[in-house]
Amino acid sequence: MSCYRYSKQYLGASYKFGAQNSSTSSFDCTSFTQYVHEKNGINLPRSSKQQSRFQI
């Protein structure tokens, strides 16, 4: 399944600053990105700065 299709199931999830990627009840921007990619076999770093430099 693509990251996009997988992520659609979390539309409407709560935003919580500093949320951990282990919870699906709330996300922040980077925890959401990290969680969705991890479920699709791509292990991203936690911070946005590190994610911006990550090469797939």
Taking every non-hydrogen atom, the tightest pair across [X] and [Y]:
X   : Y   : result
K49 : S52 : O-OG, 2.7 Å
A19 : S26 : CB-O, 3.8 Å
Q34 : L44 : NE2-O, 3.0 Å
T30 : Q51 : O-NE2, 3.3 Å

Residues that [X] engages under side-chain contact (heavy atoms from CB on, under 4.5 Å), provided they are two or more places apart:
X   : result
C29 : Y15
T24 : Y10, F27, Y35
S2  : Y4, R5

- Output every pair passing salt bridge (Lys or Arg N to Asp or Glu O under 4.0 Å) with a member in residues 21-30, not counting sequence neighbours, ordered by first then second residue. D28-R46
- Residues at least two apart in sequence or cross-chain that pass side chain to side chain donor-acceptor pair (under 3.5 Å) with S23, listed by chain then number, are S25
- Can you name the residues that form a side chain to side chain donor-acceptor pair (under 3.5 Å) with Q50, not counting sequence neighbours?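 With sequence neighbours excluded, Q50 shows a side chain to side chain donor-acceptor pair (under 3.5 Å) to S47, given in chain and number order.
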- Message: Within this structure, what is the NZ-OG distance for the pair K39 and S7, rounded to the nearest 0.5 Å?
- Response: 14.0 Å
